[in-house]
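The structure appears right after this line, and notes come after that.
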Amino acid sequence: MGYKKPSFIENIAEKIGLIPNLHKINSDGNMDQEFDDDMRHFSDEEVAQMYENFPPPEKWDNWVEYDPKVWPKKKKTTYQIVPTTCFNCESACGLTAFIDKETQVVKKFEGNPHHPGSRGRLCAKGPATINQINDPDRILFPLKRKGKRGEGEWERITWDEALDTIAARIRKAIKEDRHNEIAYHVGRPGHEKFMNWILQGWGIDGHNSHTNICSSGARFGYNLWYGYDRPSPDHANAKFILLISAHLESGHYFNPHAQRIIEGKMKGAKLATMDPRLSNTASMSDYWLPTYPGTEAAVLLAMALIILEEGLYNREYLENWTNWQEYLKALHSDKKVTFENYIAAMIEEYKEFTPEFAEKESGVKAETIIEIAHLIGEAGERFASHNWRAAGASNLGGWAVARCLHFLTVLTGAVGAKGGTSPNSWNKFSPTQPNPPKPQKQWNELHFPKEYPLAFFEMSQLLPHFLKEGRGKMDVYFTRVFNPVWTYPDGFTWMEMFMDESKIGLHAALTPIWSETAFYADFVLPMGLASERHDINSYATHGGTWVAFRQPVLREAARRNGSPVEFTYQANPGEVWEEDEFWIELSWKIDPDGSMGIRKHFESPYRPGKKIKIGEYYQYIFERVPGLPKVAKEEGLTELEYMQKYGTFEIEKGESYKMNETLLTEEELHGTEVDSITNVIRKNGKDIGVMINGKAMVGFPTPSRKNEFYSQTMVDWKWPEYATPTYIKSHIHLDNLDKSKGEYVLVPTFRLPTLIHSRSGNAKWLMEISNRNPIWMHPDDAAKWEFKTGDLVKMNTDIGYFIDKVWVTQSMKPGVVACSHHLGRWKRPQDKDGNRWATNTVNIESDGKGGWKMNTISGVKPFESSDKDSKRIFWKDGGVHQNITHAVHPDPISGMHCWHQKVRIEKPASGEKYGDIFVDTNKSHEIYKEWLSMSRPAPGPNGERRPLWFKRAFKPDISTYYIDKKED
Ligand code: SF4
């Protein structure tokens, strides 16, 4: 698919000057979109004017509006407006809560125009926060299970009872040196470094995360190149934007990125999207590249080859900022170490990646690949790109997609450039906390086992299999806004693990909602939504840096009104609390007299020996935000008061380009030595920079301090075949499918832009928009199978099957089928009502030998509640739970779960019904072992568990990085 002609509406809008004329006839008589380097569509002032109708902050304590619900009557309501941030994805867009001043009830949420990331705009999920806080099914008080785990009986308890029970158990485990039996497993994070402070304060290696089912594939690919694991594209200033998957529509940093992609397009940038599905993003793009899943790297390498062969690369950047000398010495020792030989060697290395080869692999036309390669080459430093989940999260070797994408960024010299793609750490604030603990002297092999030394995050998806094999147990296991029974692959194996008290001693679910995982908890501890909790946020949404403050808005209103509360649950609905205060109280109770060395980390930095208050924690951090003390002082406010008032602070407006070229200061250079071969600058045994053309620069945090085209790390850790950027054929490559048997690839990962994993089931507006997840199928495939929209289809996976309905659509690449994530929520008859806008009632049966069946008893139904809309539910179909029928597929290198499924499509047998599910957990364990056997375990060089230069979540003490000879 190529260039799109302007629509009728675009033509009119351009003619009357509503938007810039992007389709001028150029001197060749062609209509062409021209990139206007100088044109900025809206200045900061103009953007500010757009929000002139938004109440100015000086009126936020007394804002009067007419109530639209009683129109045409004119009833005035006076609001207090309190800023916070959205919690419905990672972007943390700025929200403002409108609180009825008289009743102290939150009436609505709007965007916060002062937030530099979201600039007042929200996606549908932001305003829907009001649904979540008013959801009639929400959990309002701490609960403890009655009867056996999973039976569905609960009793209300006090927070003190929960804290005392859990603290005693943790204290005992730590005292008995069973540190690795305590774990905190997080789904949606949302605060910066808070849990490092807590868990490292306890001295445990207890952090586990969802990252290996989410983004660790892409992170690994980026990290290999330049030591940073996330990209921060400068879309607004780009000339060409390449997205792997649907970032404009629903991807990472959805709203902040989407508005800047459009801003870039308004200036004339071209947009290309690689996605087998015609997503909303693809439909808004200049080029849709419907690659066969898993072949993206082949297309990217073909583009790289064109750029190299045609000399479209940035010579200066490649010469200065890639480790080409190391590459030639290692892999081409017969050649002289010259730049020309470097280019020639790369061309030789990638010669098989012709556009025709890429077309054969991906199905994207060779001429389109050539056209885009030229546009990327022409864009030069202004080439912005992003790959997060999607291809990187779905394929065996998916991490190679990010590595090959970054290769293009390196070739064009766009790394860290204006309009290019920076490392995210350059656009992110990192807080300084009071009484910081030292790194823990523990290494938990249930999280980072020896088999996966390069795994970028914890092997969380394998935990139930590790416990099944007897590798350990969990004595106290926290799930925090985390629902693995439903979100993860192989949910029945998770259920088996939770049901076995010898494997999980105590399970505390910290959650704002009922979930399939909370049903199997011992304690269900209700935690606040976006407007009911404290967190600090800072994300790389664009070329600039900001910090935002998520705060409990009713607590803040009470403070402003002169009635401050001690704990957040005193201001929230029921006794809904927040994690921050919960963890501080729990830490204090674990070590009440300070004898375990834990308590000291949680003492006030202002009142020695006393327990820290939540306000003190944030005041301490905000005092250290660059620039904030001065600005707050000008308003006569403390730093905390400033953040309570505005909710956000812009640290840096967008000058953080090319930070690798930052010169080392004289003080930093004092006592350093320069490696005569690599030019790396060392001080006290640590690499701190690199000499570039006679100048001492900080460079990148890799062994060479440069972008590593050649990775000695991959060689040292037993993967020499992947020393340079490579295309790895996925587990669902066409070579691995037997079409004659009805085998297809299922893309199960895509998001609907209005849904949020487990957390939109409590948002009625969102569920009204999207409430089922059929199988997307191209008309050619549907004709072959004689399917029409609405027909039942049986999707057989490695370990079982699910029965869904077909949706015939031209938006799907032929030969590929897809099913959206987020739907198919369920509860059993004995479970508490929760998320009834989204939830099917199901029957689950086990044969006691690993066979599990699930059938739908009833779909979504209207119900009586305090919300009149609950009687008006018109949809019946809550979708089908597909993930539970997937086996674990851990990539042997990055550790990322490879989501794409080889499925065998067939028509259901008579009697098989919509929503029927079957899984054999014995098979799932066999498949776990199959994938495990692909790994190449530690130790690496010097007996290391993991490369020392690799990042690691909650990095432990360096002494833990070496495998004991006895263990080896
Ligand atoms: S993109 Fe949407 S869901 Fe994500 S933080 Fe912003 S408003 Fe919330």
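Atoms within each ligand, like the ligands themselves, are counted from 1 in listed order.
Panel note: side chain K193, backbone P431; a donor-acceptor pair is recorded below 3.5 Å.
Salt-bridge annotation for D67 and K107: absent, with no side-chain N of the basic residue lying under 4.0 Å from a carboxylate O of the acidic one. Salt bridge R260/E263: absent, no basic N to carboxylate O contact under 4.0 Å.
Taking the six-membered ring for Trp and the full ring otherwise, the centers of F549 and Y618 sit less than 6.0 Å from each other.
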Handout entry: Verdict with supporting geometry, F750 and W776, ring pair (Phe, Tyr, Trp, His ring centres under 6.0 Å)
Key = CA-CA 11 Å; F750 74 90; W776 292 37; 5.0 Å; yes
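No cation-pi contact links R533 to F582, judged by a cut-off of 6.0 Å to the six-membered ring centre and 45° from its axis.
Note on atom 4 (Fe) of ligand 1: protein N/O/S atoms under 2.8 Å are C89 SG.
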